[in-house]
Trainee: 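The structure's right below; bear with me while I get my questions together.
Residue numbers start from 1 in every chain, and the chains themselves are labelled A, B, ... in the order their sequence lines are given, proteins ahead of strands. Bear in mind the structure is a predicted one, so any value in this text is a computation, not a measurement.
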Amino acid sequence: MYQEIILDHYKHPQHRGLPDAFDAEVHHVNPTCGDEVTVRVKLADGTIADLGWDGEGCSISQASTSVMSGLVIGKQIDDAMALQDKFLALMQSRGNAELSEADEDELDDAIAFEGVSKYPARIKCALLGWMAMKSAVAEAGWGTSADNGTAKAGETV
Amino acid sequence: MYQEIILDHYKHPQHRGLPDAFDAEVHHVNPTCGDEVTVRVKLADGTIADLGWDGEGCSISQASTSVMSGLVIGKQIDDAMALQDKFLALMQSRGNAELSEADEDELDDAIAFEGVSKYPARIKCALLGWMAMKSAVAEAGWGTSADNGTAKAGETV
Amino acid sequence: MAFDVETVRKDFPILSREVHGVPLVYLDSANSAQKPQVVIDAEADLYANHYANVARAVHTLGSEVTHAYEGARDKVAAFLNAPSRDEIIFTRNITEALNLLAYSLSNASTTIGADRFRIGPGDEIVVTEMEHHSNIVPWQLLAQRTGATFRWIPIDDEGRLVESAIDEVINERTKVVSFVYQSNALGTINPVRRIVERARAVGAISIVDAAQAAPHLPLDVQDLGADFVAFTGHKLYGPTGVGVLWGRYDLLAQLPPFLGGGEMIETVDMSGSTFAAPPHRFEAGTPMIAQAVALGTAVDYVTAIGMHEIREHEKALTAYALDGLQSIDGLRIIGPATPVDRGATISFTLPGIHPHDVAQLLDEEGIAVRAGHHCARPVCVRYGIPATTRASFGVYTTTDEIDALVRGVDKVKEMFTR
Amino acid sequence: MAFDVETVRKDFPILSREVHGVPLVYLDSANSAQKPQVVIDAEADLYANHYANVARAVHTLGSEVTHAYEGARDKVAAFLNAPSRDEIIFTRNITEALNLLAYSLSNASTTIGADRFRIGPGDEIVVTEMEHHSNIVPWQLLAQRTGATFRWIPIDDEGRLVESAIDEVINERTKVVSFVYQSNALGTINPVRRIVERARAVGAISIVDAAQAAPHLPLDVQDLGADFVAFTGHKLYGPTGVGVLWGRYDLLAQLPPFLGGGEMIETVDMSGSTFAAPPHRFEAGTPMIAQAVALGTAVDYVTAIGMHEIREHEKALTAYALDGLQSIDGLRIIGPATPVDRGATISFTLPGIHPHDVAQLLDEEGIAVRAGHHCARPVCVRYGIPATTRASFGVYTTTDEIDALVRGVDKVKEMFTR
Ligand SMILES: Cc1ncc(COP(=O)(O)O)c(C=O)c1O
Ligand SMILES: Cc1ncc(COP(=O)(O)O)c(C=O)c1O
């Protein structure tokens, strides 16, 4: 599972750093392993106009956040949320995801995390940045505020 | 285990009835099955001069009380207590008592209860009358009053 | 699948045993059920091939065992038709499940934000007169801890709840109603929906003791409508050491924790701790891993046979046994004497013969029944008897075995009257 | 018997497993130990040949299973050198054992005659900074229920209790002192007698968490002198779902009950109930029968090898592993760095590499270690680290496996620095 992609993103994280202009900032912690991530987002015209992050933790959480940023910046918010759902489903697949080719294309580097889904203790690591992104978008005023992005699914794998 | 002896004592109990002259009366109940026995004793010259009882319950508890009365009436108290100890040991033997011939002679009809010792739930039934006798003797002022004859051993088989 | 009891019996290794030189006739399933080989193998296989601790590990064995354990939760959720797997809490047995609720409720008194569960003087806790001790004592102790009043719905001569008392005993002061679905002492099947509705109408929490229902009746928690439903694994052909508490998620989410320790926390600090979401909040420490997994296998086993098929099989046995036993002169059924709204558990007495003697003499014939108050002493008190003899049936019980029982009881009578 | 690790390994079926195509190297025994075949067979044999419910039954199977269950109690009593078998209480795990005490103590507030156990505002409950969550949270919750103050003995840089703090933190206000014998996070072995004596001197109850001691050190409750000692079965090569609480009989006899239900009662009446003598008072409901029996087998198993032999074997492994690991540049041992007064559990960190990554990469080599805070988060907080990687050894661990670990850690370092 430690594919080059993950180690590569870990060593060379994308969009790391907190932009000065932002609509919302959230800070998420995975209490079981101490992984932390802070995410700032800026929304514009129904898209995620900008996103930057800072964090600390294992290669999975940091690399996953890096991959996520690359994928969602510039996307329509609805599309980003749909992608988040896909990634969540991938993480809950216990290593048996059945992905269409379109899914694979869309998930891109995030496919590298499929193997993580076999390790219950690490699914939360992989989801950390994605959940923070979802929360930040909600915080910034998108969609129903009821969906506050707590890592419900990750909590109960 | 339902030897003739037990059924016989059950159908024709000995010393059943409560004598008017007595030094102590005790009432013991086995809460798990509702067996009850009341025992009255009269002591004289270091012996159990008289003992009578009344009771209700299964054949084991009633027959055992009947056998007990026949054995202890007229005995030196010390000897009766020693016999009580032997019977207790027999009941804790889980069907593997190693009795000397002298023991067998002394226990007499009480030997019939050896098979009961294999059935944890019934050991208390077999001990009920004996424990009541021991209590009654203590109540009547014999020996240390600390030993109040609660069925400790029977409680924890 | 057509139900065939002889095929079923082959799944249970112990049924080929002899007792006192005669084949075992096991009629004590309400006390604890025997185990099919698949359940025995499930535990053994886990230990021999996939064992580690759950949840915490990041290695392969830890992943395998966690999926097995959480997979069992999925199976139980499906078995109960629970809306969510997160509503399934593994406990040691149903006794612990009921105590968990009783303690979480009293913990509400000292937990911030748990006001809706607080119980105190003036409040009432309701059970019925036919409860198992495990559904009496936890509530008596809760009443003692909180100053609330402990009350109960009485039973009538036939072993049914006194219908007219339900609405009186459950009233505006009632905070908790905990009652048995099928009585282990009487066989009575209670009107669950009727009682749950009354509890809901007065704003009380409703709890169903399904220990004797789970092995015998199709269970659907959404259909029952109660707030909590619990059962115990060893009576459902599962291993000892595991039970289940199901609860509505919105209630579980607000309920204060019971046991504190590993796995039930969110974060621990010497200055204070926060707690995980359900179900983990209520599963402190290393769980009964292998036992939960094997309970999942037991659930698969009965589901494959079909709970409706089991119910029909046992209904027929019950009618047959009631007929057979009532043909014995003087024998008195304690509980409903007809097969209506009753399960495959039959208590009876014989005049002048103590149930202990009946059971022990039946044992000499290889027949295992239970004698005593069946941990429901108030039932015996109600009928003025010290104990009953109880025969109870399961998926593997045959009419031949019931014939053996009837013959055996006849013989006991003879010995005592000779 | 001469100790031979290769002979021992043959007893554990899982050790012949492969993971990712390489032989399993299981170095996570402090999390949960693997099971020898005899333990697996003990449960299976009980179910296949002698199963029924305990205590209540008067039939042959009931008698056989009750003797097996109570026989396990005798074995555990002998294992701990307990003065009486009635001092052995079977619980689900050590977490439940510690919660049992915490709840029985708060129940003393509403139980007549239990004054000596009452705890309230102004009283203090003491643990240490190196406790497992299971020995922290129950006491935090007890403090919350009673208004007492929760305190702890701090640890120093080497992972040992601050000796000078012991007499200050344990003082006349202290009612309970509960502490770990061997730390699961640090490997530290604490001075049990020293702390017990201080607790006794101030009139506090002393409780020893022997979860990590029972599998590794000869345990003698009379020698330790504490009031209560608890351990958990699954770490002692026994099944999941069973633990043990030992307590001095005179204390158990006065302690109010915890869980209410079947088997723990003397008599139940709707108007109130009375309770059985220990140990049954504390064993509500159908116990983990097969698991207790198999724990008895596990106790036989380690006793036959010899707890002293196990201790010597593991001491040698620990010295070997400390040397090997410390040869890795930058590796930091969290806990005592020398083999003195420490057990076969070694936590460490590597600069710039998260323990989760270390553990996962080791898993690729078939090596199972644990990464995280090991349910002792305050220890990580104390050393300012998010987590550690932990290797822990057992009766079946070899020096070859430790070599594999050291090689594996080296490789991980390389991958991350490349
Ligand atoms: C020192 C210590 N105490 C308590 C526990 C809790 O054990 P269990 O989860 O079996 O209750 C553990 C193990 O996890 C431990 O290492
Ligand atoms: C109706 C009922 N409730 C509760 C229990 C208690 O079950 P357990 O002992 O498994 O906790 C039983 C069985 O003994 C029962 O029949």
Side-chain angles (χ1 to χ4, degrees), chain C residues 13-14 19 28 31-32 34-35 40 43-44 47-49 51-53 56-61 92-93 95-96 99 110 132-134 136-138 140-141 144-145 152 234 239-241 259-262 265 268 270 273 284-286 288-291 356 359-360 363 368 370-372 375 377-378, chain D residues 13-14 19 28 31-32 34-35 40 43-44 47-49 51-53 56-61 92-93 95-96 99 110 132-134 136-138 140-141 144-145 152 234 239-241 259-262 265 268 270 273 284-286 288-291 356 359-360 363 368 370-372 375 377-378:
Chain C
I14 208 170
V19 163
D28 197 17
N31 196 355
S32 197
Q34 297 299 344
K35 319 302 172 203
I40 302 175
E43 272 201 64
Y47 289 137
N49 299 303
Y51 183 73
N53 210 329
R56 319 165 175 186
V58 296
H59 49 65
T60 299
L61 292 177
R92 175 172 62 224
N93 49 26
T95 300
E96 194 203 5
N99 279 276
T110 50
H132 188 280
H133 294 165
S134 292
I136 296 176
V137 184
Q140 290 180 331
L141 292 175
Q144 181 184 308
R145 287 197 298 280
W152 59 92
H234 66 96
T240 54
L259 303 183
I265 54 99
V268 170
M270 293 313 267
S273 302
T286 302
M288 49 310 274
I289 305 171
Q291 294 72 41
H356 271 176
Q360 195 111 39
D363 182 59
R370 187 168 169 195
C375 294
R377 191 175 165 275
Chain D
I14 207 170
V19 164
D28 197 17
N31 197 354
S32 196
Q34 297 298 344
K35 321 302 174 202
I40 301 175
E43 271 199 65
Y47 289 137
N49 298 302
Y51 183 72
N53 209 329
R56 320 166 173 184
V58 297
H59 49 65
T60 299
L61 292 177
R92 174 171 63 225
N93 49 25
T95 300
E96 194 203 4
N99 280 278
T110 50
H132 188 278
H133 295 165
S134 292
I136 296 176
V137 184
Q140 290 179 331
L141 293 175
Q144 180 183 310
R145 287 196 298 278
W152 59 92
H234 67 95
T240 54
L259 304 182
I265 54 99
V268 171
M270 293 315 266
S273 302
T286 301
M288 49 310 276
I289 304 171
Q291 294 72 42
H356 271 176
Q360 195 112 38
D363 183 58
R370 188 169 168 195
C375 295
R377 189 175 167 275

Trainee: For chain D, find which of C:Thr240, C:Val137, C:Asp363 contributes the most heavy-atom pairs closer than 4.5 angstrom.
Mentor: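 Maximum pair count with chain D is reached by C:Thr240.
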Trainee: Would you check if C:Tyr47 and D:Pro13 make a side-chain contact, meaning some heavy-atom pair closer than 4.5 Å?
Mentor: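 No - every pair of side-chain heavy atoms lies 4.5 Å or more apart.
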Trainee: For the backbone of D:Asn31 and the side chain of C:Asn53, can you confirm whether one donor and one acceptor N or O come within less than 3.5 Å of each other?
Mentor: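 Pair found, side chain donor or acceptor close to backbone of D:Asn31.
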Trainee: Highest number of heavy-atom pairs under 4.5 Å with chain C: which of D:Ser273, D:Ala48, D:Gly241?
Mentor: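 Top option by heavy-atom pairs under 4.5 Å: D:Ala48.
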Trainee: So, for C:Thr110 and D:Gln144, which heavy atoms are closest and what is the spacing to 0.1 Å?
Mentor: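 That would be O-NE2, 3.0 Å.
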Trainee: If you compare all heavy atoms of D:Ile14 against all heavy atoms of C:Tyr51, which two are closest, and at what distance to 0.1 Å?
Mentor: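 Scanning both residues completely, I find the closest heavy atoms to be CD1-N, 3.3 Å.
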Trainee: What closest approach, in Å, do C:Cys375 and D:Gly262 show between heavy atoms, and which atom pair accounts for it?
Mentor: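 The answer is SG-CA, 4.1 Å.
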Trainee: Got C:Leu259 and D:Arg92 here, is their nearest side-chain heavy-atom distance under 4.5 Å?
Mentor: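 Counting from C-beta outward, C:Leu259 and D:Arg92 do come under 4.5 Å.
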Trainee: Any idea which heavy atoms bring D:Ala359 and C:Val58 closest together, and the distance?
Mentor: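 Closest heavy-atom pair between D:Ala359 and C:Val58: CB-CG2, 3.2 Å.
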Trainee: Quick check against the 3.5 Å criterion: does C:Gln140 have a side-chain atom that pairs as donor or acceptor with the backbone of D:Met270?
Mentor: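 Side chain of C:Gln140 to backbone of D:Met270, a donor-acceptor pair under 3.5 Å: yes, one is there.
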Trainee: Which bit of C:Val268 comes within less than 4.5 Å of chain D, counting heavy atoms only: side chain, backbone, both or neither?
Mentor: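 Its backbone and side chain both get close to chain D.
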Trainee: Quick one: of D:Asn93, D:Thr60, D:Ile289, who has the most non-hydrogen atom pairs under 4.5 Å with chain C?
Mentor: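 The residue among D:Asn93, D:Thr60, D:Ile289 with the greatest pair count is D:Thr60.
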Trainee: Of all of C:Ile265, C:Leu141, C:Ile136, C:Asn49, which one pairs up most often with chain D through heavy atoms under 4.5 Å apart?
Mentor: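 Sorted descending by pairs with chain D, the first entry is C:Asn49.
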Trainee: Do the side chain of D:Glu43 and the main chain of C:Ala44 share a donor and acceptor less than 3.5 angstrom apart?
Mentor: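 Looks like no, no N/O pair under 3.5 Å.
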Trainee: Can you name the residues that form a side chain to side chain donor-acceptor pair (under 3.5 Å) with D:Thr95, not counting sequence neighbours?
Mentor: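 Once residues adjacent in sequence are excluded, the partners of D:Thr95 under the side chain to side chain donor-acceptor pair (under 3.5 Å) criterion are D:Ser134.
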Trainee: Looking at every non-hydrogen atom in both residues, tell me the closest pair between D:Pro138 and C:Gly260 and how far apart they are.
Mentor: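 For D:Pro138 and C:Gly260, the tightest heavy-atom pair comes out as CG-O, 3.4 Å.
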Trainee: Identify which of D:His133, D:Met288, D:Gln34 forms the greatest number of heavy-atom pairs closer than 4.5 Å to chain C.
Mentor: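 Among the listed options, the one with the most contacts to chain C is D:His133.
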